[in-house]
There are 2 protein chains.
Amino acid sequence: MPARARKPDEDVRTRTLRVATRMLAERGFDGTSLQDVADEVGVAKPSLLYHFPSKEALRAAVFAQMLGHWNVALPRILRAATSGEDQFDGVLGEMIRFFSEDPDRATLVLREVLDRPREMARVIKRHMKPWLDSVAGYIRKGQAQGHLHPDADAEAYVSHVTTFLISTIAVQRLLAPLPDAQSVRELVRMARASLFRTPPPAATKPAPARKSTARKKA
Amino acid sequence: MPARARKPDEDVRTRTLRVATRMLAERGFDGTSLQDVADEVGVAKPSLLYHFPSKEALRAAVFAQMLGHWNVALPRILRAATSGEDQFDGVLGEMIRFFSEDPDRATLVLREVLDRPREMARVIKRHMKPWLDSVAGYIRKGQAQGHLHPDADAEAYVSHVTTFLISTIAVQRLLAPLPDAQSVRELVRMARASLFRTPPPAATKPAPARKSTARKKA
DNA sequence: CCTACCGATCGGTAGG
DNA sequence: CCTACCGATCGGTAGG
């Protein structure tokens, strides 16, 4: 008797990670019990503790999986980044893509920042700071070249755009004050307009990006 | 015997609200037990349940107190709002003041959005939407007059600036990537630069505001 | 991967 | 405002 597997092609560990990711994002760590997760996965509670030695370990595994996805996406983001305006859309578009393609990622990051700020400060330093710094470097270069706002604070700008982006994606789907596309479009416009001195290049769809074959722009 | 009051000039209800506000912001609702709160207030757990009939009621009271503070601050914010550039700094400055003066307010709002999105959608509609809409109206007027970016989406802009502001204040003190003043300054600059067509009026300290006696600007 | 069970803690009540 | 106590649920273990 194969008991009560719901997706027989997926093993318990995989299903548990998927279910736990959703529940941790939705209810938070303290609001989610192992029993809740076990019920939804379709196994007994102690079975979870065979795959993950503790609730804390499950949390860590969920987060590690998300970090893994981030590290898969990073090369693509880095490839999009070099300098100039076209690259701006590329990088921002890839970051938006990463968090929009599974908004639980944004929610999870936000919750972790609230619940375990010290640990998250370490993770950010390790996994995001390096390339945020390099983006800040490009911004300073662009400022020296004169096409970016000279009074922008490069470090604060990249840090703020990241917070802005993650928070907006996490909050947007919960409160849904306006359509998703509209929300993203204005976010991109704001990030752009507060960085570039020149107005945006007409209505050349500034959003998701990565399809653009065009090169620099002047 | 007056038992073990820590601030004898403050009654238990007041102290409980103060302690609970801090703990709910720091650990969240599910991460905070009534026993934790009682211990810190210096009373027995059932005493809390005399003042607040349930944990849920305590949460509601904490949130209601914050909403009360908001409704006290609102007139000042509305007074600062009329239209144009000087008013922009006034309104934004007052909002920043409200959340910066007690960052628990920002954290609490963020947690409530994550934990009880439906209820928070109602609260926002009731307590923030009306005047966010009126700010959006001023923005559209400014766009018609030509000194604001014509491609800005007024509704999305005000909603995003609010999210941006609350998230940044809540996250900033937890991760502290950079000094508070620097963080706020860049936030204001970004909000400004993404709305106004003209560059900011030199280095005329654009931030906290409300001391400004200057009137419109041209 | 299961059943059976553990001590600890949860929010809340009785009763004064 | 307290002591004493409640049933329910928590994360986790024993043992197979």
Side-chain angles (χ1 to χ4, degrees), chain A residues 1-64 108 111-112 115-116 119, chain B residues 1-64 108 111-112 115-116 119:
Chain A
M1 268 171 265
R4 38 183 160 153
R6 294 189 188 174
K7 294 197 180 185
D9 53 320
E10 218 184 14
D11 66 8
V12 169
R13 190 166 201 283
T14 308
R15 261 182 300 151
T16 300
L17 281 174
R18 187 168 41 77
V19 167
T21 298
R22 184 168 40 79
M23 295 187 78
L24 290 181
E26 192 171 317
R27 318 184 191 176
F29 184 78
D30 292 316
T32 304
S33 72
L34 290 176
Q35 192 64 65
D36 292 339
V37 177
D39 288 348
E40 188 129 339
V41 171
V43 296
K45 191 179 61 174
S47 303
L48 293 190
L49 293 161
Y50 165 77
H51 294 282
F52 306 94
S54 69
K55 189 187 181 187
E56 185 55 43
L58 176 57
R59 185 223 296 255
V62 164
F63 196 78
L108 221 53
R111 282 200 184 275
E112 290 283 307
D115 289 345
R116 307 161 69 240
E119 291 81 350
Chain B
M1 266 171 264
R4 36 179 161 155
R6 296 190 184 170
K7 295 196 175 182
D9 54 321
E10 216 183 16
D11 67 8
V12 170
R13 191 169 200 282
T14 309
R15 260 184 298 149
T16 301
L17 282 174
R18 187 169 41 77
V19 167
T21 298
R22 185 169 40 79
M23 295 186 79
L24 290 181
E26 192 170 319
R27 317 183 191 178
F29 184 77
D30 293 316
T32 304
S33 71
L34 290 176
Q35 191 66 64
D36 292 338
V37 177
D39 289 348
E40 188 128 339
V41 171
V43 297
K45 192 179 60 173
S47 304
L48 292 190
L49 293 161
Y50 166 77
H51 294 282
F52 306 93
S54 69
K55 189 186 180 188
E56 185 55 44
L58 176 58
R59 186 223 297 255
V62 164
F63 196 78
L108 221 52
R111 282 199 185 275
E112 290 284 308
D115 289 346
R116 306 161 69 239
E119 292 81 351

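Just so it is clear, the structure is predicted and the values come from calculations on it, not from any experiment. In what follows, chains carry the letters A, B, and so on, assigned in the order in which the sequence lines appear, proteins first and then strands, with residues in each chain numbered from 1.
Look at C:dA8: its Watson-Crick or wobble partner, with both distances under 3.5 angstrom, is D:dT9. Nucleotide C:dC2 forms a pair with D:dG15, judged by Watson-Crick or G-U wobble geometry with both contacts under 3.5 Å.
To the nearest 0.5 Å, the span separating CZ on A:F29 from CD on A:E112 amounts to 9.0 Å. Distance CG/B:L49 to NZ/B:K55: 11.0 Å, rounded to 0.5 Å.
The side chain of A:P46 approaches C:dC2 more closely than any other nucleotide in the set D:dA4, C:dC2, C:dG12.
For the pair B:K45 NZ and C:dG15 P, the computed distance is 18 Å after rounding to whole Å. One atom, CZ of B:R59, and another, P of C:dG12, lie 11 Å apart when rounded to the nearest Å. For A:M23 and D:dG11, the CE to C1' distance is 15 Å, given to the nearest whole Å. Nucleotide D:dG12 holds its P atom 10 Å from the CG atom of A:L58, rounded to whole Å. Atom-to-atom, CG of B:D39 to P of C:dC10 comes out at 9 Å; the value is rounded to the nearest Å. Counting to the nearest Å, the C1' atom of C:dA14 and the OH atom of B:Y50 are 16 Å from each other. As rounded to whole Å, 14 Å separates atom P of C:dT13 from atom CG of B:L48. As rounded to whole Å, 16 Å separates atom C1' of C:dG12 from atom CZ of B:F52.
In this model, the phosphate group of C:dG11 is not approached by any side-chain N or O of B:S54 to a distance below 4.0 Å at OP1 or OP2.
The pair A:D36-A:R27 meets the salt-bridge criterion, with a side-chain N (NZ, NE, NH1 or NH2) lying under 4.0 Å from an Asp/Glu carboxylate O.
B:A38 approaches B:A44 most closely through the heavy-atom pair CB-C, 4.0 Å. The shortest heavy-atom contact between B:G31 and A:D30 is CA-OD2, 3.4 Å.
Annotation: of the two residues near DNA chain D, A:L49 and A:D36, the 5′-most nearest-nucleotide partner is A:D36.
The residue A:L34 sits close only to the backbone: its heavy atoms come under 4.0 Å of sugar-phosphate atoms, none of a base.
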